[in-house]
Amino acid sequence: MKAVGLKQYLPIENENSLLDVEIPKPTAKGKDLLVEVKAISVNPVDYKVRAPKDKVESEPKILGWDAAGVVVEVGDEVTGFKPGDEIYYAGDITRPGSNSEFQLIDERIVGRKPKNLDFARAAAFPLTSITAWEALFERLNIDRNGADADKSILIVNGAGGVGSIAIQLAKLAKLKVIATASRDETTAWCQKMGADEVVNHRHDLAEEIEKIGYQDVDYILCLSHTDEHWQAMTRAIKPQGTICCIVDNEQPLAMDTLKSKSAGLVWEFMFTRSMYQTEDMAEQGKLLNELSQLIEDGVIISTCNDVIKPINAQNLRDVHQRLEKGRTIGKIAIADWS
Ligand SMILES: NC(=O)c1ccc[n+]([C@@H]2O[C@H](COP(=O)([O-])OP(=O)(O)OC[C@H]3O[C@@H](n4cnc5c(N)ncnc54)[C@H](OP(=O)(O)O)[C@@H]3O)[C@@H](O)[C@H]2O)c1
């Protein structure tokens, strides 16, 4: 089967950084589905795993986690899916990725594809949506049925892939949403996703929220450059509030301001459940199904801003390069194999 993989970890400008390869088609066993991948989307984790280093792979390493496709075979323990089902998922970082014509995926982390979206637009949702959903409703414990209505949240990096769906989910929970963006295009995109206010993350965020009349906020969801925004976030968080970060810090984070405020820090990593095979890993399948319904009901709108065809090494190198620059808006999907 066709796939796009790497053997060496090279800068993306190098033609050998991602290669068109032929690899054996796998067979489904146990809880696995064998999926014919119709579309994928690219996330920063793809270029972070691909980052240049000396390591050399003996077999092509297949990247890519977001995908939408059709089930073609099921393992003997599968109960929820059958061949022909259209699905979407964000995969498991410990297994071969979605940049291949066929992929194995544990049924517990798979959802049914929204009927009103094509494969490309469906593939743009899972990884960012699982991240935003788990961050808001499980780590920050925000009630998604509105019990926290009118509490405030600052979403740092509102126009990125995760921010685009996080804004919509926070509005679903009836929060006051202050998103951050630094350009006119990204500000307009945050407004389109439903943000009540947009402030600039190139300035001090505590001062930015003060300018629009907020002394502090109940929640902060930081979706970019944790170190850069940390100090301002500890000033902007309300006493007893909580900050959720999803990006590794590079330096130690000062905790003193949080202590005096009895404020909390929580982390979200969307691969935790599959990586540790947690007892509740099927929650990801469930949330993807709930999200499908919200998309079909028109409550959640597409976050996909560009679709490229076909899936091959050249197009993947191109999209990795665009993402590495850190200026993309919403999501980019890639569809079809020829
Ligand atoms: N823990 C997890 O499970 C998890 C899951 C998904 C993603 N992530 C991580 O979360 C980060 C965001 O992912 P994503 O897919 O949303 O990214 P993305 O789509 O690549 O984000 C692009 C946006 O980042 C904004 N940006 C650039 N520099 C910024 C800064 N210094 N402060 C705030 N915003 C900035 C830009 O907005 P402007 O042009 O307006 O500046 C741009 O529109 C990545 O580091 C990714 O690896 C973690």
Side-chain angles (χ1 to χ4, degrees), residues 12 40-51 63-66 89-94 109 123-136 138-140 154-169 178-193 195 198-205 208 220-233 236 243-250 265-276 278 284 287 303-306 319-333:
I12 199 62
I40 57 174
S41 87
V42 186
N43 291 282
V45 63
D46 299 50
Y47 69 71
K48 289 181 185 179
V49 173
R50 207 211 70 251
L63 307 177
W65 286 279
D66 266 332
Y89 53 89
D92 175 343
I93 198 154
T94 66
I109 55 174
F125 268 114
L127 192 145
T128 51
S129 302
I130 292 171
T131 309
W133 187 292
E134 290 182 343
L136 293 168
E138 300 187 36
R139 312 297 173 228
L140 290 171
L154 175 67
I155 299 181
V156 182
N157 181 9
V162 184
S164 302
I165 180 68
I167 292 172
Q168 297 188 60
L169 293 175
I178 307 164
T180 80
S182 71
R183 293 176 286 151
D184 289 346
E185 308 89 286
T186 44
T187 299
W189 181 267
C190 290
Q191 286 160 341
K192 184 176 161 194
M193 294 298 121
V198 185
V199 298
N200 191 336
H201 50 234
R202 301 291 172 213
H203 302 154
D204 181 285
L205 289 175
E208 285 287 290
I220 299 178
L221 177 53
C222 183
L223 307 174
S224 190
H225 296 78
T226 303
D227 302 79
E228 180 184 318
H229 300 299
W230 180 253
Q231 214 257 356
M233 292 195 296
I243 301 172
C244 178
C245 293
I246 71 163
V247 180
D248 294 359
N249 54 307
E250 286 164 16
L265 164 65
V266 288
W267 288 100
E268 162 60 19
F269 182 46
M270 62 79 48
F271 290 119
T272 299
R273 282 180 158 140
S274 49
M275 187 182 240
Y276 293 95
T278 61
Q284 290 195 338
L287 81 81
T303 58
C304 186
N305 202 12
D306 199 359
V319 177
H320 274 233
Q321 199 161 18
R322 285 168 63 184
L323 256 80
E324 279 185 9
K325 295 198 169 96
R327 287 170 64 86
T328 51
I329 301 177
K331 295 283 305 164
I332 307 173

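Note that ligands are numbered from 1 as they come in the structure, with each ligand's atoms numbered from 1 the same way. The figures here come from the full heavy-atom set of this structure, side chains too, leaving out hydrogens, waters and symmetry mates. Please read all numbers here as calculations on a predicted model, not as lab measurements.
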Do [X] and [Y] have side chains that get closer than 4.5 Å, going by heavy atoms?
X	Y	value
Ile246	Phe269	no
Ile329	Thr186	yes
Asp46	Trp65	yes
Leu169	Trp133	yes
Val45	Phe271	yes
Ile167	Cys190	yes
Leu223	Val247	no
Thr180	Val198	no

Which ligand 1 atoms, with their elements, are less than 4.0 angstrom from a heavy-atom of [X]?
X	answer
Glu228	31 (N)
Ser182	38 (P), 39 (O), 40 (O), 41 (O)
Pro44	13 (O), 14 (P), 15 (O), 17 (O), 20 (O), 44 (C), 46 (C), 47 (O)
Lys48	44 (C), 45 (O), 46 (C), 47 (O)
Met270	2 (C), 3 (O)
Thr328	19 (O), 20 (O), 22 (C), 23 (C), 42 (C), 43 (O)
Glu268	1 (N), 2 (C), 3 (O)
Ala181	40 (O)

Quick one: does [X] get within less than 4.0 Å of ligand 1, heavy atoms only?
X	result
Leu127	yes
Val247	yes
His229	yes
Lys331	no

What part of [X], side chain, backbone, both or neither, has a heavy atom within less than 4.0 angstrom of ligand 1?
X	result
His201	side chain
Ile246	both
His225	side chain
Thr186	side chain

Original post:
Going through the distances and angles, do Arg273 and Glu138 end up as a salt bridge (charged side-chain N to carboxylate O under 4.0 Å, His left out)?
Top reply: CA-CA 13 Å; Arg273 282 180 158 140; Glu138 300 187 36; 2.7 Å; yes
Original post:
Do Lys331 and Asn43 meet the criterion of a side-chain donor-acceptor pair at a distance under 3.5 Å?
Top reply: yes
Original post:
To the nearest 0.5 Å, how far apart are CG in Leu265 and SG in Cys244?
Top reply: 8.0 Å
Original post:
Quick check: does Gly161 get an N/O under 3.5 Å from an N/O on ligand 1?
Top reply: yes
Original post:
Taking distance alone, with no angle check, do Ala159 and ligand 1 share an N/O pair under 3.5 Å?
Top reply: no
Starting from [atom], find the nearest protein heavy-atom neighbour and note its residue, name and distance.
atom	result
atom 28 (N) of ligand 1	Arg202 NH2, 3.4 Å
atom 36 (C) of ligand 1	Gly326 O, 3.4 Å
atom 5 (C) of ligand 1	Thr131 OG1, 3.2 Å
atom 29 (C) of ligand 1	Ser224 OG, 3.5 Å
atom 21 (O) of ligand 1	Asn157 ND2, 3.3 Å
atom 11 (C) of ligand 1	Leu223 O, 3.4 Å

Original post:
Do the charged groups of Glu324 and Arg50 touch, with an N to O distance under 4.0 Å?
Top reply: yes
Original post:
For atom CZ of Arg327, is the number of surrounding heavy atoms from other residues, nucleotides or ligands below 6.0 Å larger than 12?
Top reply: no
Subject >> Exercise: identify the closest heavy-atom pair between Thr328 and Arg322 >> reply: CG2-O, 3.7 Å
